[in-house]
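Reviewing the structure listed below.
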Number of protein chains: 2
Amino acid sequence: MPTPDDAPNAVNPDYWQFANAAASRISQEFPECDVTANRLFVTLFRASSSVIYDFESSIHRPAGGTWASYRMLFALWVAGPLTPHRAAELMGMSRAAVSNLAGNLESKGLLVKQASEADGRSLILHLTDTGQTKIQEVFARQNSRENDWSQALTEQERELLISLLDKIMDHRTAIGAKTRK
Amino acid sequence: MPTPDDAPNAVNPDYWQFANAAASRISQEFPECDVTANRLFVTLFRASSSVIYDFESSIHRPAGGTWASYRMLFALWVAGPLTPHRAAELMGMSRAAVSNLAGNLESKGLLVKQASEADGRSLILHLTDTGQTKIQEVFARQNSRENDWSQALTEQERELLISLLDKIMDHRTAIGAKTRK
DNA sequence: GGCAGGTTGTTAGACCTTTTATTACCTGGT
DNA sequence: ACCAGGTAATAAAAGGTCTAACAACCTGCC
């Protein structure tokens, strides 16, 4: 017969225990600190990394890819051929990361690098037919899993969550947030 | 005189352009797909990685650390001495990642590994005095930056966002989401 | 034309994370 | 007492990310 202290039915005992301990500890040590803000970004990070971990381990690794490789193929699929520079902007990563990623995907035959005619420094990344087929297959499974996760919320809550996250993104310039070059 | 097409004052032109292109492309290719769900998780990932990038590049790297090392020191600060196993649970990462991280932090003199008396296999991670001082300094700056970001939202919106993200976290078990062991 | 300064993709070095395998240790049934 | 099976931390290999430095290339100004 479990006592209340055992909390046997708590949904995320580790997470809650940690979040509560954190709030209590920091407000005791720093009475002036912003507990809600801390809780907000701890929660944002936790939610994001939990969801991505599920996507990667249940879909992309079994399919022979990674989360990063999925993002790259998805970007090329929805935006068409891109320079590495533009791909980096769209995906929010460094040019070096794109270079590394493109090398791996090229060696798997999922994309090709084509020299730009207009600019001798530049390349254009294209999906191969294999890459095109691959991203369509993988996206179908990814989107199905996104749907599973989104059942946590009502349609209205989903729109609300998107708009709150967009509000945070839009605030970047106001606070001079560092962004990848 | 800029035309509307130039969209010179758009807040996140790359982000919006990409999100819109994605929605249009996938719904055209997969009429049955869940565009809102896709938008939701693309947005979640973008927001999380943008915020973390700002934290890491504006606070933790200049202080000689990383986002991961901050999280580890923070966990030990708020929860007290922990076994690597427990630290991994609280931070939501693998035991191997904790082992690696603890090694780096130990070599910087920020924590020590103490052999457990109860179990010959186990360790207990402790902050050193240096580590204690360090996390308090760094947390003050981190929390100040969290406050800057949170100004994007009203107090009510912050609570709402936390509760929506918690709802997603709570949904993990219902869909059998993969979690780190 | 020529050259200074900026841009493009790449590489090197440092760190992080995961999965898989390994070693040391504990625990419970015989 | 013993041994099979499980658990704790670690190591190895593969991949990803960043910054900084690089060579190749472009551009604009003289």
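- Checking the phosphate oxygens (OP1, OP2) of C:dT7, no side-chain nitrogen or oxygen of A:Ser122 falls inside 4.0 Å.
- Residue contacts for A:Ala68: at a heavy-atom cut-off of 4.0 Å it reaches the sugar-phosphate backbone alone, with no base atom in range.
- Contacts of B:Lys113 with the nucleic acid, taken as non-hydrogen atoms under 4.0 Å apart, involve only primed sugar atoms and P, OP1 or OP2.
- Residue B:Ala97 is in base contact, counting any heavy-atom pair closer than 4.0 Å across all strands shown.
- Residue B:Thr66 places at least one side-chain N or O closer than 4.0 Å to OP1 or OP2 of C:dC16.
- An OP1 or OP2 oxygen of D:dC18 is reached within less than 4.0 angstrom by a side-chain nitrogen or oxygen of A:Ser94.
- For the pair B:Ile52 CD1 and D:dT17 C1', the computed distance is 14 Å after rounding to whole Å.
- Only one option out of B:Phe74, B:Trp67, B:Tyr53 pairs with A:Phe45 in a ring-ring contact (aromatic ring centres under 6.0 Å, His included); it is B:Trp67.
- No contact: B:Ser57 has no heavy atom under 4.0 Å from any strand.
- Counting non-hydrogen atoms under 4.0 angstrom, A:Arg180 reaches the backbone sugars and phosphates but no base.
- Below 30°, between 30° and 60°, or above 60°: for A:Phe55 and A:Trp149 the angle between ring planes is above 60°, a perpendicular geometry.
- With D:dC26, C:dT10, D:dA8 as the choices, the nucleotide that has an atom nearest any side-chain atom of A:Asp119 turns out to be D:dC26.
- Taken together through direct or relayed side-chain contacts under 4.5 Å among Ile, Leu, Val, Met, Phe, Trp and Tyr, B:Leu82 and B:Leu105 form part of one hydrophobic cluster.
- Of the listed nucleotides (D:dT10, D:dC18, D:dC26), D:dC26 has the atom at the smallest distance from the side chain of A:Arg121.
- Ring pair B:Phe30/A:Phe139 is tilted by interplanar angle, where 30° to 60° counts as tilted.
- Taking atom CG of residue A:Leu123 and atom P of nucleotide D:dA24, one finds them 15 Å apart after rounding to whole Å.
- Computed from coordinates, the A:Met93 CE to D:dG16 P distance equals 9 Å when rounded to whole Å.
- The side chain of B:Asn100 contributes no N or O atom lying less than 4.0 Å from OP1 or OP2 of C:dT17.
- One finds no side-chain N or O of B:Tyr70 lying less than 4.0 angstrom from the OP1 or OP2 phosphate oxygen of C:dC16.
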